[in-house]
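For ligands, and for the atoms within them, numbers begin at 1 and follow the listed sequence. Note that these values count all heavy atoms, side chains included, but never hydrogens, waters or copies made by symmetry.
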Amino acid sequence: MNILLVGSGGREHAIAWKLKQSKKCQQLFIAPGNAGTATVGINKNIAVTDFENLGNLCIQEKIDLVLVGPEVPLVEGIRDYFEASEALRSIKLIGPGKLGAQLEGSKDFSKNFMNRHGIPTAAARTFTSANLQEGLDYLDQHSEPIVLKADGLAAGKGVIISPTRAEAKEVLRDMIEQKRFGDASASVLVEQFLEGIELSVFALTDGKNYVLLPEAKDYKRIGEGDTGPNTGGMGAVSPVPFADASFMKKVEERIIQPTIQGLHQEGIPYVGFIFFGLIKVGNDPWVIEYNARMGDPETEVVMPRIASDLVELLDAAATGNLGSIQVEFLPEAATTVMLVAGGYPDEYEKGNPIHGLEEVKDALVFHAGTKTTASGEIVSNGGRVITVTAFGKDIVEALEKSKKGAAQIQWKDRYYRSDIGLDLVKLLH
Ligand code: AMP
Ligand code: GLY
């Protein structure tokens, strides 16, 4: 099959790396890709939301299957665009249409969906400029801390946890009246705070059947010990030791099955990944959020742990045949450590030459924000730049190898966390 992968992050490099191992993968294109994806396939400089040129590329290169990495093209309707075109309709596409992508694109939609299907999630109410005063009054009664969520896509920044009612009121006004997140915060959910430990669970579904991929935990804060501001993700581990068989049984029965059945019952077609952002409260799983795609950096540990052929899985999803598929996982622990630009997630430099990539021997190097200059040099091109994935018999051993690889890769002011996964190791003792 000829495959087009849409996206340009570490997630896409890891997916491209895995796709390329399949005998079924002939030509692999990545749009727009990065310096890492260029080593496994052919990068095409087309933006992820330029559906017309992505479609033209599919026709020119006789693409059989398109995998959409990030959420924005899904929420903007890449699938709907392909389905509306005579020439593109028959191409297999992994990713839901606009309607299904609302699971991620609208937190109000997903909250109502979960409530309709009895899926455990924090209690919430939604407010807009039309009932802002009601929202402020509601906050007066709310227990602290208070979770405020922009309804729409806000590049992972739309959730604010306010320690006090007074601050929550200011945040609510700021989000709705001052449009803190633009149109994404025209509606805001005021949500119950859940206390627990988070994990990411991934399913691939054909709309009726599903398979589970390895679960993972990501580390969102910039600083060691989960301190400082949120980032796109500073590292991840898989498997997650507390997600044992009995916990995962609850996840499947209470969350995954009702979600997929709910989509089916409501006539919402869904071919693609569902990322369940979960929190373990006591011994029970609750849903924090849905995403309509794989996680980043979770994918950088999930893909290496999948022993099965990814192209076969995707083909089965696209043709409604996931019911007869088993996914094999590698039993080892995998960790990934993200190297970021100094200053990230605030201001940071781009364009710094990266050294030492070829010295990393005992780990996988996935590029996130990198590019190759006209003179052939690999330079930083984003906040999250490179991630180093390694295997071990346990998290500690894998992390040592990830960190050894991370230390070998250098550029001006680069930074990484050295404690990815160690909270889970502590939980075990
Ligand atoms: P989200 O963008 O929905 O993933 O939210 C970002 C982060 O906010 C999550 O990863 C959680 O750490 C936190 N969060 C979101 N909702 C809640 C909640 N109801 N209770 C506690 N923490 C939450
Ligand atoms: N790692 C969280 C996300 O991809 O949204």
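Listed by first then second residue, pairs satisfying salt bridge (Lys or Arg N to Asp or Glu O under 4.0 Å) with a partner in residues 338-352 read E349-K412, not counting sequence neighbours.
Taking only nitrogen or oxygen atoms, main chain and side chain alike, E289 does not reach within less than 3.5 Å of ligand 2. At least one N or O atom of E298, backbone or side chain, sits closer than 3.5 Å to an N or O atom of ligand 2. The shortest N or O to N or O distance between L194 and ligand 1 is under 3.5 Å.
Considering D315, D206, D64 as possible partners of K92, the one that fulfils the salt bridge (charged side-chain N to carboxylate O under 4.0 Å, His left out) test is D315.
Heavy-atom proximity to G295, at under 4.0 Å, picks out these atoms of ligand 2: 4 (O). Close contacts between ligand 1 and V147 involve ligand atoms 16 (N), 17 (C), 18 (C), 19 (N), 20 (N) [criterion: under 4.0 Å to a heavy atom]. Close contacts between ligand 2 and F275 involve ligand atoms 2 (C), 3 (C), 4 (O), 5 (O) [criterion: under 4.0 Å to a heavy atom]. Within ligand 1, the atoms closer than 4.0 Å to a non-hydrogen atom of K149 are 3 (O), 15 (C), 16 (N), numbered from 1 in the order shown.
Between the side chains of S200 and E298, at least one donor N or O lies within less than 3.5 Å of an accepting N or O. In this structure, a donor-acceptor pair under 3.5 Å is absent between the side chains of N34 and S8.
Aromatic ring centres of F202 and F276 lie farther apart than the 6.0 Å criterion allows.
Under the rule for a side chain to side chain donor-acceptor pair (under 3.5 Å), the partners of R305 that lie at least two apart in sequence or sit in another chain are S238.
For atom 1 (P) of ligand 1, the nearest protein heavy atom (residue, atom name, distance) is E289 OE1, 3.3 Å. From the protein, the heavy atom lying nearest to atom 8 (O) of ligand 1 is V159 CG1, 3.5 Å. The shortest contact between atom 5 (O) of ligand 2 and any protein heavy atom is with R293 NH2, 2.9 Å. Among protein heavy atoms, atom 11 (C) of ligand 1 sits closest to E198 OE2, 3.1 Å. Of all protein heavy atoms, the one lying nearest to atom 2 (C) of ligand 2 is D218 OD2, 3.5 Å. Regarding atom 17 (C) of ligand 1, its nearest protein heavy-atom neighbour is I288 CD1, 3.5 Å.
A cation-pi arrangement is absent between R417 and Y219 under the rule of less than 6.0 angstrom and at most 45 degrees off the ring axis.
Contacts between I161 and ligand 1, counted as non-hydrogen atom pairs separated by less than 4.0 Å, involve the side chain only.
Between H13 and H367, the ring planes are perpendicular. Angles over 60° get that label, and only those under 30° would be called parallel. Below 30°, between 30° and 60°, or above 60°: for Y348 and Y344 the angle between ring planes is above 60°, a perpendicular geometry. Ring geometry for F242 versus F247: interplanar angle over 60°, hence perpendicular rather than tilted (30 to 60°).
Contact between K220 and ligand 1 is present, with at least one heavy atom of the residue lying under 4.0 Å from the ligand.
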